Every structure is written in structure tokens, then in C-alpha cells.
Student: 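Quick one: the structure is below, and I'll ask about it shortly.
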Amino acid sequence: MAMKFRNFVYIIKQGFVSMWRNRMMSFASIGSVTAALLILGIIMILILNINNIAFMTQNQFDEVIIYLEDDLEEEQIEKIGQDINLMDGVLSSIYQSKEQAFEIMKKELGNESYLLEGIGNPLPNSYVIQLKDIKFADEVVSRLEGFRGIARIKYLKDVINQLVTINHFVRLGGLVIIGVLILIAIFIISNTIKLTVAARRNEINIMKYVGATNGFIRGPFVIEGLLLGFIGAEVAISIIYYGYEYLFKIINEKLYVLFTVYMVPPYHLLDDIVIMFTSIGVGIGIIGSVLSLRKFLRV
Amino acid sequence: MIEFINVSKKYDNNVRALSNVNINIDKGEFVFLIGASGAGKSTLVKLLLKETEPTSGRLFLKNKDITKVRNRQIPYIRRNIGVIFQDFRLLPKKTVYENVAFAMRIIGASNKEIRRQVPIILSLVGLSKKAGNYPNQLSGGEQQRVSIARALVNNPSVIIADEPTGNLDPDTAWEIMKLLRDINNRGTTVLMATHAKDIVNCMKRRVIALRGGRVIRDEQKGVYGDEI
Ligand SMILES: Nc1ncnc2c1ncn2[C@@H]1O[C@H](COP(=O)(O)OP(=O)(O)OP(=O)(O)O)[C@@H](O)[C@H]1O
Ligand SMILES: [Mg+2]
């Protein structure tokens, strides 16, 4: 039978009343939901930002740098340059001798360039290859690996791949932690609801004799669990959102303006966080209360 | 109205609380259920309320077979029955009015229906003036009247009372009996389990006597008897 609206209003009121009656446990329940969601939020923001950096750098740096072995002849170096220019997907290549590289390093160090005095030039000769598109990177690199005289190949796809790997680990570790925290939250909520159930034993008994449906009896408890989860979620949303916004602002203003270019702007996250956190919080609450009721509702 | 056909009940601990009970109660009857402690009176009541299932036999309420029903059907079966207990079972934090209204709210009555029906029932049990009192501000007899009002408020076709006068002094017990008689006179079937010998003997109604889970006597205008 469909739950009637006036029943619904009555049930919600009861939910608030008993939540207030067990305020200590309610507080613990809300805190546990908030904690789980906070960790989720932090991990989410980490992952999103790593993805974002990977995505943006991918489009910006479509170059491959090869470092040559030190003992090559002039002709061998030139031959390598010609072969590179003949490859598919290569837009251009620029040769940088070890002397040029050393000069550039000195310039970059500026006042501290004295640090380099007295040591030999440790830098290798290199080619900086500009690709037509990042999608040629893997193909070009695997061809280059067949070349003789190349000591090391460096390309940004590497970095991107590393970011992706980090991402995997963060996600995996995060899932485990979040899973555990959610279970703890469910456990705490179900215990909170049990207190309410105990406090209202008589009432429930009478309800049964008068012919209340299980749905009607369960209603207030589920609503109570739902409210606990909901409040926990909204607290977590506020902390995560305003926390991230604050961090974003600080990085933007005080540190590197450039760096925030790679960060996901807070307002992009708001909708997703609100929907996701609210559903998880409410879900935890409902599961917690249904679990605590399962046994005792058998007539 | 109520029919037991060869009903037996064995609890999980192998106690045989009822054996081959056959009872047929018509609409509008007033029936006493008597028997020593442990004879099976409360078990019979519990079977009707679907708190427990019979081990064998068949059980009918208002011509409907309620021997085996789905759990979700049980609330709707109970709405045909008003229950009264020895210990009143009122909600201490609700007033008399609220205790009675609670029974209506539970089955989804509207505020309007509640506002109309509760005062009628309270006046029927003679508690109009105490509507705003809490249970601990009432005498035992008054508390039992509240529980009767609660049992009546949804217009059940049967009132089942398990030792309703057990906690009351003789005078108060008689007031409650008069009330139950009035209710019965208005057409509601009453089944009352009791140990109150005087009451049974004075009322001269149908008596069903149980011993060791068996019906040993079932007679119109019966008395308490020595065999109990
Ligand atoms: N839930 C139960 N589990 C096991 N045995 C039970 C249960 N309820 C009652 N019994 C047993 O069943 C028998 C009948 O009990 P019942 O409560 O029906 O008696 P009664 O006639 O109501 O007694 P009283 O007059 O003392 O209330 C008793 O032997 C009792 O111990
Ligand atoms: Mg009994």
C-alpha cells in the first residue's frame, strides 16, 4: 500500500525527534559519514588533478628528446638526424650539442653559474624532435629504440604514463580506505538506530498489535538513518568544496599562477561532489538502519 | 467470526500448549476463556493475533483462512482485532488523547478523522475529562479504559482481552466488565481470557475451559467450575 503523505510527515518528525534524543550517537554517525566522504573527496580531487595535468601536458608537449652516446663521430650524428627527419610523424628536429646544452644550463643558473666551474661538461649531445602529433609518440620512440648510438630517449608520454600509474595506485588504495570507512560508518549508524529502536520498544510493540505495516514501523528509523547520512554528506561537501577552493586560491595568488592552470577549478567539481556525496551519504544511512532493523522486525 | 479447527500448537521447546482445539465463535458473542496458569489461553490469543503459527489445524477469522498468511498480510489481519492486555501497554509520554489517536495514525487515518473519532471513543469509555492526562496521572482502571478506547478506536469486529482485570481491584474490575459488556451489546464480539471466578460466574456468558491445552468444557451461560 502506498505510504500516505500525512504518514510521511509524521515519520519525518519522528526521525528528527529520535535523532535529537540520541545526540551523542547521532554526532558520531554524522562524523563517521563525513570522515569517509572527506577521504573520498581528497582522493577524488587528487585523481582529477592528476588526470587533468596528464591531459593538458599531453597536448602541450609533443616532443621527444634523444640523448646521444658520447663517442659518436660527426657523420654518425648527422646520419641519425637525417634518419629522424625521414620518419613518419616527425615535424622537425633540432640538434643540440653538448656545448650548447652547457651554455643554456649556465644561463639558466644565472648568478649561481659558478657552481658549474671546474667540472667537466656532463651533458650529452641531443636531438629535440618535434612531432606532428602526440599520437605518433609511441611509434617514433619504438623506431628510435632500434637506432644505434642513442643513449636515452625521453618523451613526455613517459611522464604521462607515470602519472597514470600513480593514478591507479591512488585509486586502488583510496578504494580500500574508503570501503573500510564506509563499512565503519554503516556500523556506527546501525548501532545508533538500534538505540532508538530500544528506546521505542513499547511503541513498536503497540504499533504491531494495532496493525501497523512493517513499512510504517520501519519508516522513522530509515528516515533517521537517512538524515544522519545526509547531514554527514552535506558537512563533507562543505569542507571539501571550501577547503579546495581555499587551496586553489592560495596556490593561485601566493605561489604559482601558472600551476593552477593545470588544476581543476573548484566550481567544476561542485555539482558532481554534491550529487555523489549526497547519494553515498544517504545510501550509508539507509543501509545502516535497514541492517539494524532486519532481525527485530520479524513479528 | 472466529473458528479453530483441530488446532494444535507445539512451541520450539516441545511444550504442547494446545491440542486439537475446536472452537467456533459467532459474531456478537461474549466468550470467557478460562483455565489454570499454563493451560494455553494466551497461546490461543497469540494464534489469533498471528504472533505465532499453529503446528497443525486451521484457523479462520471473519470467514477468512488465516492459518498461514504472508508476513505482510499480518497487519491487515490485526486491524480486525482490538487487543487489551493485563498491563495496559500505554505510551507513557503521550496523553490519553494521543495514545488513542496513535492507533488511528498508525493505520493512516487523517487528522480530521482522528479529531472526530477520538472524542467519541473517549466519551464511550468515560474519559472525556482526562483526555489531556498522561498515563501516570491515571488510576489502573482509567488506564485500562484508555487501552480499551485504543482497541476500539479503529472499529474492530473482535475485541480480544487477555486478563484485562488481572491488575485491578474488584470494584474497578467490575467497571471494566460493564464497559466490555456495553461494547459487546453494540455488536462487537468479545473474547476474554481470565482467572476472575466471580466475574465469570456473575456474567453468565459462554465459557470455554482449557486444561493442558485441551478444551474440556464449552457451554453457554457457563460458570467457572471446580475443575480449573
Ligand atoms: N514463547 C513460548 N515458548 C515456549 N513455550 C511457551 C511460550 N509461550 C508459552 N509457552 C508454554 O506454553 C504453555 C501455555 O502457555 P500460555 O501462556 O498459553 O498459558 P496461559 O493459559 O496464558 O497461562 P496464564 O494464565 O499463566 O497466563 C505453558 O506451558 C508455557 O510455558
Ligand atoms: Mg496468559
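In this text, all values refer to a predicted model and were calculated from it rather than measured experimentally. Here is how names work: the chains are called A, B, and so on, in the same order as the sequence lines, proteins then strands, and each is numbered from 1.
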Student: For the backbone of A:G211 and the side chain of B:R79, can you confirm whether one donor and one acceptor N or O come within less than 3.5 Å of each other?
Tutor: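 Yes; at least one donor-acceptor contact below 3.5 Å.
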Student: Pick one: which of A:N214, A:I217, A:T213 meets side chain to side chain contact (heavy atoms under 4.5 Å, CB included) with B:P75?
Tutor: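 Result: among A:N214, A:I217, A:T213, A:T213 is the only option passing the side chain to side chain contact (heavy atoms under 4.5 Å, CB included) with B:P75.
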Student: Quick check on B:D12: does its CG atom have over 12 non-hydrogen neighbours (other residues, nucleotides or ligands) under 6.0 Å away?
Tutor: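 Incorrect, the count does not exceed 12.
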Student: On a heavy-atom basis, which atom in B:I106 and which in A:A212 lie closest, and how many Å separate them?
Tutor: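 Looking at all heavy atoms of both residues, the closest pair is CG2-CB, 3.1 Å.
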Student: Answer yes or no: are there more than 12 heavy-atom neighbours, outside A:F187 itself, under 6.0 Å from its atom CZ?
Tutor: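 Open.
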Student: Does B:N63, at its CG atom, have more than 12 non-hydrogen atoms belonging to other residues, nucleotides or ligands within less than 6.0 Å?
Tutor: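 Open.
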Student: Please list, in residue-number order, every residue in residues 82-101 of chain B that has a heavy atom less than 4.5 Å from any heavy atom of chain A; write 'none' if there are none.
Tutor: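 From residues 82-101 of chain B, the residues near chain A are B:V83, B:F85, B:R89, B:L90, B:L91, B:K94.
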Student: Roughly how far, to the nearest 0.5 Å, is CD1 of B:I74 from NZ of A:K208?
Tutor: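 With rounding to 0.5 Å, NZ (A:K208) is 9.5 Å from CD1 (B:I74).
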Student: Above 12 or not: heavy atoms from other molecules or residues under 6.0 Å from OH of A:Y246?
Tutor: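 12 or below, so no.
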Student: Let me confirm one number: the CZ-CD1 distance from A:F216 to B:I107, rounded to the nearest 0.5 Å.
Tutor: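 Going from CZ on A:F216 over to CD1 on B:I107, the span is 10.0 Å.
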Student: Is it true that atom NZ of B:K9 has more than 12 heavy atoms of other residues, nucleotides or ligands lying nearer than 6.0 Å?
Tutor: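 Yes - once you tally the heavy atoms of other residues, nucleotides and ligands closer than 6.0 Å, there are more than 12.
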Student: Kindly indicate whether the side chain of A:V210, heavy atoms from C-beta on, has any atom under 4.5 Å from the side chain of B:F102.
Tutor: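 No, too far: nothing below the 4.5 Å cut-off.
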